[in-house]
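Worksheet: the structure to be examined is printed underneath.
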Amino acid sequence: MKIAVLPGDGIGPEIVAEAIRVLDALELPYEMESAPVGGAAYEAHGHPLPETTLKLAKDADAVLFGAVGDWKYDRLERSLRPEQAILGLRKSLGLFANFRPAICYEQLVGASSLKPELVSGLDILIIRELTGDIYFGQPRGRRSAPDGHFPGAEEAFDTMRYTRPEIERIAHVAFQAARKRSKRVTSVDKANVLETFQLWKDVVTDVAKEYPDVALDHMYVDNAAMQLVKDPKKFDVVVTGNMFGDILSDEAAMLTGSIGMLPSASLNASSQGLYEPSHGSAPDIAGKGVANPLATILSAAMMLRFSLNQAEAADRIESAVKHVLAQGLRTADIWSEGTTKVGTREMGDAVVAAITKKTITG
Ligand SMILES: NC(=O)C1=CN([C@@H]2O[C@H](COP(=O)(O)OP(=O)(O)OC[C@H]3O[C@@H](n4cnc5c(N)ncnc54)[C@H](O)[C@@H]3O)[C@@H](O)[C@H]2O)C=CC1
Ligand SMILES: CC(C)CC(=O)C(=O)O
Ligand SMILES: [Mg+2]
């Protein structure tokens, strides 16, 4: 088993270090190799995704990724910006299916942005298409506007685009996931306005015919954003496009207590995967030792389950996380009165201790 480790920027190296310590505590027979990515790679090699980093990721069974980006690169030419590294990895490895489970752990019900009764027992699976949509569509650019209300004025444009096969394959992923859960899929679109999402809705409806045991409903994205905070438990599997999934998953994170709790798995057709927290590099707290490492640690558990065939080890990590939360340990983002505030490293220590001392109560 070979794991490529790409810590990246900001809090990336801090949280990935804790995930690695947790993986090490499991004493599994894997090999790990690290490489720079994002701003760190730009500084060292002049490119956010050097060929050697890309090759390491392609050759690995799984990639453990931190986060990329920093405000200081905002004015760089787009192809050199750190965020292009994660987009490039997703595209090059064909990681079209992004799983973002928004689970509110019982111990964190009080940390959620919503009332306890709305989030107690919450378990939503957001399935986000990850290699298409407006993040990848061509053409894009800036130019002098050729027409419109202000001809000759500077304008910028991006292209929202999906093909039928792209939508079909993510729809199959969603229906198959729903079969293992409560057999409900909500497809989120903007078909009332966008041609791209009228196609999305038509294709998801067609694919649904192959899954008569799964109930499908459609919801416009603006309504979905509202329903997520009004009555989140009405959702089970949510399938949507790249941009809507990006936005809705950050919103869903707050139902679970913090963006620092939301892991993710990005899979290709051969179950090779990239595992990263759903959040970014958090430059505002980088280097302070306060970032929550649990989303990354839980992403490592998803890696063991989905790409490395180590479901039991994944269960051990997830039980250890529940155990430390039950002990009352909290990083600043999930802290509340009556709990114990700890830093990134202490939280990692506690998860490692729960695994190695076998003190897990679940
Ligand atoms: N996959 C990736 O590498 C991603 C990269 N980014 C990049 O990250 C940089 C920062 O973006 P933002 O919009 O600020 O989003 P962000 O997710 O990095 O941070 C948003 C807020 O959440 C907090 N936060 C995030 N992760 C946390 C954690 N583990 N523990 C405690 N608090 C946490 C941050 O302190 C900040 O207040 C940008 O350059 C952005 O492009 C953003 C999202 C994903
Ligand atoms: C660089 C962004 C597209 C990454 C992001 O915000 C995400 O995947 O959640
Ligand atoms: Mg995002």
Side-chain angles (χ1 to χ4, degrees), residues 5 7-8 10-26 64-67 99-113 119 122-126 249-250 252-266 274-282 284-286 288-306 313-336 339-357 359-362:
V5 179
I11 62 170
E14 301 167 45
I15 52 179
V16 166
E18 297 315 313
I20 290 174
R21 292 201 310 126
V22 169
L23 287 168
D24 285 346
L26 293 161
L64 182 63
F65 188 91
F99 292 72
R100 296 192 165 190
I103 296 170
C104 186
Y105 290 103
E106 219 39 52
Q107 297 83 358
L108 292 186
V109 163
S112 169
S113 298
V119 293
L122 183 78
D123 180 352
I124 299 174
L125 178 60
I126 296 180
S249 56
D250 266 34
M254 285 319 295
L255 313 179
T256 75
S258 166
I259 185 85
M261 291 302 300
L262 203 84
S264 86
S266 306
L274 181 148
Y275 299 84
E276 58 171 330
S278 297
H279 58 72
S281 59
D284 54 335
I285 56 167
K288 297 184 177 161
V290 298
N292 187 345
L294 293 181
T296 315
I297 290 170
L298 291 166
S299 301
M302 293 180 87
M303 174 175 79
L304 292 173
R305 180 168 290 117
F306 290 146
D315 289 346
R316 286 180 68 196
I317 295 182
E318 286 161 0
S319 297
V321 168
K322 286 181 199 156
H323 179 74
V324 301
L325 293 174
Q327 286 177 308
L329 303 182
R330 305 280 188 273
T331 42
D333 56 315
I334 49 175
W335 181 84
S336 58
T339 61
T340 308
K341 197 181 281 183
V342 296
T344 311
R345 179 81 190 189
E346 291 87 347
M347 186 57 101
D349 283 342
V351 178
V352 168
I355 287 172
T356 54
K357 290 181 191 152
T359 52
I360 299 164
T361 53

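None of the values given here were measured: they were computed from a predicted structure. The analysis underlying the following values was restricted to heavy atoms, covering all of them including side chains, and did not include hydrogens, waters or symmetry mates.
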Quick check against the 3.5 Å criterion: does [X] have a side-chain atom that pairs as donor or acceptor with the backbone of [Y]?
X: Ser319; Y: Arg316; result: no
X: Arg100; Y: Leu125; result: no
X: Thr344; Y: Ala291; result: yes
X: Ser278; Y: Leu262; result: yes
X: Thr340; Y: Leu329; result: no

Contacts of type side chain to side chain donor-acceptor pair (under 3.5 Å), residue [X], not counting sequence neighbours:
X: Asp24; answer: Tyr30
X: Ser258; answer: Asp333
X: Glu14; answer: none
X: Ser299; answer: none

Identify the heavy atoms of [X] and [Y] that sit nearest to each other, and give their distance.
X: Arg330; Y: Trp335; value: CB-CA, 3.7 Å
X: Ala295; Y: Pro263; value: O-CB, 3.4 Å
X: Ala314; Y: Ala301; value: CB-O, 3.2 Å
X: Gly348; Y: Val22; value: O-CG2, 4.5 Å

Rounded to the nearest 0.5 Å, what separation is found between the [atom1] atom of [X] and the [atom2] atom of [Y]?
X: Leu108; Y: Glu106; atom1: CG; atom2: CD; result: 9.5 Å
X: Thr296; Y: Leu64; atom1: OG1; atom2: CG; result: 7.5 Å
X: Ile124; Y: Thr256; atom1: CD1; atom2: OG1; result: 10.0 Å
X: Ile259; Y: Met261; atom1: CD1; atom2: CE; result: 11.5 Å
X: Thr356; Y: Asp349; atom1: OG1; atom2: CG; result: 10.0 Å
X: Leu294; Y: Tyr105; atom1: CG; atom2: OH; result: 8.5 Å

Going by salt bridge (charged side-chain N to carboxylate O under 4.0 Å, His left out), name the residues that satisfy it together with Asp315, two or more places apart in sequence or in a different chain. Arg305
Any side-chain heavy-atom pair of Ile334 and Thr339 under 4.5 Å: no
Given Met347, which partner from the list Ile297, Ile15, Val324 fulfils the side-chain contact (heavy atoms from CB on, under 4.5 Å) test? Val324
Could you tell me which residues satisfy side-chain contact (heavy atoms from CB on, under 4.5 Å) with Ala282, sequence neighbours excluded, listed by chain and number?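 Counting only residues at least two positions away or on another chain, Ala282 forms a side-chain contact (heavy atoms from CB on, under 4.5 Å) with Ile11, Asp284, Ile285.
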If you apply the rule side chain to side chain contact (heavy atoms under 4.5 Å, CB included), what do you find for Cys104 with Val109, and how did you get there? CA-CA 6 Å; Cys104 186; Val109 163; 4.1 Å; yes
